[in-house]
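The block underneath contains the structure these notes are about, expressed in structure tokens.
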Amino acid sequence: MKPTKQTPLNHLSLFYWQLQKWQKRPPNSRQFLSNLSSTTLTTSLKTNNKKLDVGSLSSINPRTAFKAYVETCISLLKTYLNQSWIKQGRTLHGHLIKTGISSDRYVAIKLLIMYLNCKRSDEVNEILREFGGFDLVAWNCMINAHIQNCNIEEARRIFDEMPERNEVSYSTLIAGFMRLGRVDESISYFEKNPFQDVVSWTTMISGFVQNGSNLEALKLFEKMLEFGIIPNAITFTCVVKTCIGLKDFGFGRCLLGLIVKYGLKSNLSVCNSLITLHLRMGDIESARKVFDQMEERDVVSWTAILDVYVEMGNLVEARRIFDEMPERNEVSWSAMIARYSQNGDAEEALKLFHLMVLDGYKPNISCFSIVLTALASLEALPLGTNIHGHLIKIGMEEDVFIGSSLIDMYCKCGKTEDGRRVFDSLSEKNVVCWNSMASGYSLNGKLEEARELFDRIPKKNTVSWNTMISGYVQNEQCDKVFEVFDEMLFSGGIPNGSTFSSVLRACASLASLEKGKNLHGKIIKLGIQYEVFMGTALTDMYAKSGDIESSRKVFNGMHEKNEISWTAMIQGLADNGFGEEALVLFEEIEKTSAMAPTVVTELIFLAVLFACSHCGLLEKGFRYFESMERVYGIKPRGKHYTCMVDLLARSGRLNEAEEFIKVMPFQPEVNAWAALLSGCSIYKNEDIAERTVKKLWELAEENSAGYVLLSNIYASAGRWTDVSKVRKLMREKRLKKIGGCSWIELRNEVHSFYCEDGCHSQSADIYAILELIHGSDE
DNA sequence: GTAGGGTTAG
């Protein structure tokens, strides 16, 4: 990657020029300062733990200045290392040799690490040859370098062969094993460690957090306090993270006390972690207060505060802060890109990604997975394939995060086989890879493949189960939903909100009140009945099952409602014939204008227009329709127009309805014509009916689903000869009608029957008995 | 030894 003008290389060119003179005579502070750009100076002073103020500027002596220069070179090497700019690193190495600085031991170690990480064994050996004997510090650095390079066995070899070890040697090796998830080996070295200092305890705690064992981490922290080891700032950052992971906010508050007790309230790292802790505890105010009161802030603080604004629902402000941040790195870029993607603005996410690359930042694994997710949501296959190629080139395609995102991307683009190819190519898969693949199959309607893969998942988690359950829900195989759900409970899987919302959806589509009530009980037992998702799903389930009273009760009891909850209630009321009440509810939203802009969406308008058309409220309907764009800035979509056609057709205004379709700004939905035809059959208007049928035939030609619809329309209009005509045509074209389904609920179990034979496990017996009944009839 | 960003279901 070619660095742009912002990269440190240009600051360095000033050095190269100055360096020749310094070779002969060390520079004095004035010369040093006058040849440094402020950025480089800040970096170098920072590494010397000095603050940049007037006092420190004037007190700088040549030796400090030169030391600062060496430090600067080291920090540059670090930058090159992080960005994998081996070319720049080598250029710098050349200059360091010329100026004799490469013989500085620390510089040499940094060079060594850089080459090790870039897997340049020639250069590594050359430097090692030059430095026949390394001391303890150097060996420790080597261990660290091998660990960074994921070569733990080499690190262990050095550790075992070292003439002496100190506390750093132990902590480094322990951290290395933790990084690779080899917790047992970490524990073993920790127990063998004769220097159990804060650092090694902290390493262990942090290791447990990395490996998802938050509880273990917390236990260790308590043990550490019992042993009388004084935690430091880094310990607290780890423990705070544990607390966030466990969502144990009672302990969070205890931690705040401990932090004050140990005098770390103003520590930079601690404050950085506290911003997120407060945010996760739902206390946006305190999160901001911590940030505002910080004496110094770094790039982590700025990145953390972005989320505070996102949490406030203010993405625009978050972006403004991002644009004006004093310092950015690849994490801050990734954070901003992720927020856009998660807010459904994948285009903006990708634009930002482009800017990031243009700015010379190297996207890391997280960043690529965010970007792949954004591409998946846009179904941007060519771009996705392009990135995949790039990932192979830089050797990142084996990572589980990347792999999962790639599988997801291909499957969301309908390329299940390509997804599978990625899946098969992963030598190490975690449960997410499996889940992505299973979900990819079910997304593309390949439920048998999904099930087969699902059964092979070594360690299923809640998401695995949810994937399978929601797959069956989406493909309307409700009996399978309950089957898998029972299996989940039986094998000890813990359902969460999204499990219930899927199963409730199955209840809703079966209108199975009994099962729904049963689930409601389980949900209350788990204490998640007040969560928005749950409340909404319950409201919907009761409404769809015809128990509008319970639906209302759940809805009114919800502590927090979102636009989907309101939509579910309004839709539910409208569906159950309480159109007037649905509209009253909508007007309630409109009156509380503070809520309106976030709650009123195109979906809610659909429910409202539906209510109008079912109550025959023609004028009201048109008023709402017209207010969509004028008041709320929502462009009506095809479905909204269809509702309006329905409204006109049901009111017998067939000519107006036909005219309405004609002047629509875009191609009407098939359903719009269907609504018109249904109006024609109510009001017996053969004239318009004929024209509409002609249109419907044209559309059916384009889209096989049109035939099904057409046959249904004819059926509901009682035009049976036309129905058989369509069916015959479908048979000729080998189009299969999506089977109708009926079901009964027996002893809390739903038995479904589809048009095709043999779907029920006992269908042979059932048919035999039917035969018997028929026989006895005659 | 650290804090900020990350994959799958809804």
Side-chain angles (χ1 to χ4, degrees), chain A residues 144 167-168 170-172 174-176 178-179 197-207 209-210 232-241 244 267-277 279 297-308 328-339 341-342 363-373 376 399-409 411-412 430-440 442-443 457 461-471 473-474 496-505 533-534 536-537 564:
Chain A
N144 193 26
E167 65 281 3
V168 180
Y170 276 94
S171 298
T172 312
I174 291 169
M178 278 297 196
R179 260 183 57 161
D197 58 345
V198 211
V199 180
S200 57
W201 282 88
T202 307
T203 309
M204 287 300 289
I205 293 173
S206 142
V209 178
Q210 276 172 43
N232 63 16
I234 297 178
T235 319
F236 277 112
T237 56
C238 297
V239 181
V240 166
K241 198 175 182 180
I244 293 170
N267 179 279
L268 176 63
S269 304
V270 172
C271 286
N272 286 342
S273 60
L274 285 184
I275 294 174
T276 307
L277 178 66
L279 194 63
R297 303 180 187 105
D298 64 1
V299 62
V300 179
S301 338
W302 285 100
T303 310
I305 201 72
L306 286 181
D307 264 358
V308 174
R328 272 180 243 163
N329 60 13
E330 60 278 16
V331 180
S332 11
W333 280 94
S334 305
M336 199 64 234
I337 294 170
R339 293 301 164 256
S341 174
Q342 284 152 359
N364 56 17
I365 288 171
S366 307
C367 194
F368 275 120
S369 44
I370 299 163
V371 167
L372 283 170
T373 309
D399 179 83
V400 283
F401 279 85
I402 300 274
S404 308
S405 307
L406 279 172
I407 294 167
D408 183 51
M409 188 274 295
C411 292
K412 290 226 168 92
N430 65 9
V431 67
V432 183
C433 309
W434 286 90
N435 293 348
S436 303
M437 195 61 238
S439 117
S442 87
L443 206 71
I457 300 180
N461 64 9
T462 302
V463 178
S464 324
W465 291 101
N466 290 353
T467 303
M468 212 53 238
I469 290 173
S470 83
V473 171
Q474 265 146 24
N496 64 10
S498 78
T499 322
F500 283 114
S501 94
S502 293
V503 184
L504 281 170
R505 256 182 69 193
F533 244 88
M534 280 305 70
T536 307
I564 320 244

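No experiment lies behind these values; they were computed from the predicted model shown. Numbered from 1 within each chain, the chains take letters A, B, ... in sequence-line order.
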TODO: Check the distance between B/dT8's C1' and A/Leu406's CG and give it to me in whole angstrom.
DONE: 13 Å
Task: Separation of atom CD1 in A/Ile457 from atom C1' in B/dT8, rounded to whole Å - done: 10 Å
Open item on the list: When you measure only distances, ignoring hydrogens and angles, does the side chain of A/Ser470 come within 3.5 Å of the base of B/dA9 through a donor and an acceptor?
Closed with: no
Task: Minimum side-chain heavy-atom gap A/Asn272-A/Asp298 below 4.5 Å - done: yes
TODO: Calculate the interatomic distance between A/Asn430 atom CG and B/dA9 atom C1'; express it in whole Å.
DONE: 15 Å
- [ ] Using atom CD of A/Gln474 as one end and atom P of B/dA9 as the other, report the distance to the nearest whole Å.
- [x] 9 Å
- [ ] Tell me, please, whether A/Trp333 has A/Arg328 positioned over its six-membered ring: NZ or CZ under 6.0 Å from the ring centre and within 45 degrees of its axis?
- [x] yes
- [ ] Describe the nucleic acid contact of A/Val400 in one word from base, sugar-phosphate, nothing, applying a heavy-atom distance below 4.0 Å.
- [x] base
Open item on the list: Between A/Val400 and A/Val432, is there a side-chain heavy-atom distance shorter than 4.5 Å?
Closed with: no
Open item on the list: Side-chain N or O of A/Lys412 versus OP1/OP2 of B/dA9: is the shortest distance under 4.0 Å?
Closed with: yes
Open item on the list: Is any side-chain heavy atom of A/Thr276 closer than 4.5 Å to one of A/Asp307?
Closed with: no
TODO: Classify the side chain of A/Ser404 and the base of B/dT7 as holding, or not holding, a donor-acceptor pair under 3.5 Å.
DONE: yes
Task: Any donor-acceptor N/O pair, A/Asn430 side chain to A/Cys433 backbone, under 3.5 Å - done: yes
- [ ] Write down the distance between CE (A/Met534) and P (B/dG10), rounded to a whole number of angstrom.
- [x] 13 Å
Open item on the list: Output the rounded distance in Å from CE (A/Met437) to P (B/dT8).
Closed with: 14 Å
TODO: Decide side-chain hydrogen bond (donor to acceptor under 3.5 Å, both in side chains) for A/Thr499 and A/Asn466; before the verdict, give the C-alpha distance in whole Å, the side-chain angles of both, and the deciding distance to 0.1 Å.
DONE: CA-CA 5 Å; A/Thr499 322; A/Asn466 290 353; 2.7 Å; yes
Task: Nucleic acid footprint by protein, nucleotides 1-6 of chain B - heavy-atom cut-off 4.0 Å, B for base, S for sugar-phosphate alone - done: BBBBBB
